[in-house]
Amino acid sequence: QVHLVESGGGLVQPGGSLRLSCAASGTIFSINAMDWYRQTPGKQREWVATITSGGTTVYANSVKGRFTISRDNAKNTMYLQMNNLKPEDTAVYYCKILASWGQGTQVTVSS
């Protein structure tokens, strides 16, 4: 059974930065690709970024150049560094391994 726990969300002003973490257990972390998604009320869950087991990364156009996905296999943890945050980045952010999801962490960008 895979268990994922997101953390690091909070309230920040536009232009600010935040780093999200996703801690995984119950799987062989190093061999799986991982993803970040986000969702706002009334909207479909949106894919944000992916990192493969080999370290290849890909980003949605809406966050490209501002967000960075990374992983630390020794800590079984994935990260999402978010810079130059905008109000439209406000959402609950979720991590995913295969078909398993975390509980989400709230990010609010507001002045």
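Along the sequence shown, the residues carry numbers beginning at 1.
Applying the salt bridge (charged side-chain N to carboxylate O under 4.0 Å, His left out) definition to pairs two or more places apart or across chains, those involving residues 51-66 are Arg66-Asp89. For residues 44-61, the pairs satisfying salt bridge (charged side-chain N to carboxylate O under 4.0 Å, His left out) are Arg38-Glu46, with sequence neighbours left out. The salt bridge (charged side-chain N to carboxylate O under 4.0 Å, His left out) pairs that include a residue from residues 90-111 are Asp35-Lys96, where partners are two or more places apart or lie in different chains.
Scanning both residues, Leu4 and Ala24, for their nearest heavy atoms gives CD2-CB, 3.5 Å. Scanning both residues, Thr77 and Ser21, for their nearest heavy atoms gives CG2-CB, 4.2 Å. What you find for Gln44 and Gln39 is that their closest heavy atoms are C-NE2, 4.2 Å.
In this structure, Tyr93 contributes its side chain and Glu6 its backbone to no donor-acceptor pair below 3.5 Å.
One distance of note links CG of Leu20 with CZ of Phe67; it measures 8.0 Å at 0.5 Å rounding. A distance of 9.5 Å separates CD1 of Ile69 from SG of Cys95, quoted to the nearest 0.5 Å. Here the straight-line distance linking atom CZ of Arg71 with atom CG of Asn76 works out to 9.0 Å at 0.5 Å rounding. If you take CG on Leu80 and OG on Ser70, they are separated by 8.5 Å, rounding to the nearest 0.5 Å. Separation of atoms CD1 (Ile97) and SG (Cys22) is listed at 6.0 Å; rounding is to 0.5 Å. Between the CE atom in Met82 and the CZ atom in Arg19 there is a gap of 11.5 Å [rounded to 0.5 Å].
Other members of the cluster containing Val5 do not exist, because no ILVMFWY side chain is joined to it at under 4.5 Å. Through side-chain heavy atoms spaced under 4.5 Å, either directly or across other Ile, Leu, Val, Met, Phe, Trp or Tyr residues, Tyr94 is tied to Tyr37, Trp47, Val58, Val92, Trp101.
When side chains are defined from C-beta on, Thr105 does not count as touching Ser7, because their heavy atoms never get closer than 4.5 Å.
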Run Leu18 and Leu85 through side-chain contact (heavy atoms from CB on, under 4.5 Å) and show every step you take. CA-CA 8 Å; Leu18 210 57; Leu85 284 161; 4.0 Å; yes

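Within a 6.0 Å radius of CD in Glu88, other residues, nucleotides and ligands contribute more than 12 heavy atoms.
In this view, Asp72 satisfies the side chain to side chain donor-acceptor pair (under 3.5 Å) rule with no residue, not counting sequence neighbours.
In the hydrophobic clustering of this structure, Leu11 does not group with Val107; members are Ile, Leu, Val, Met, Phe, Trp, Tyr whose side-chain heavy atoms approach within less than 4.5 Å, directly or through other members.
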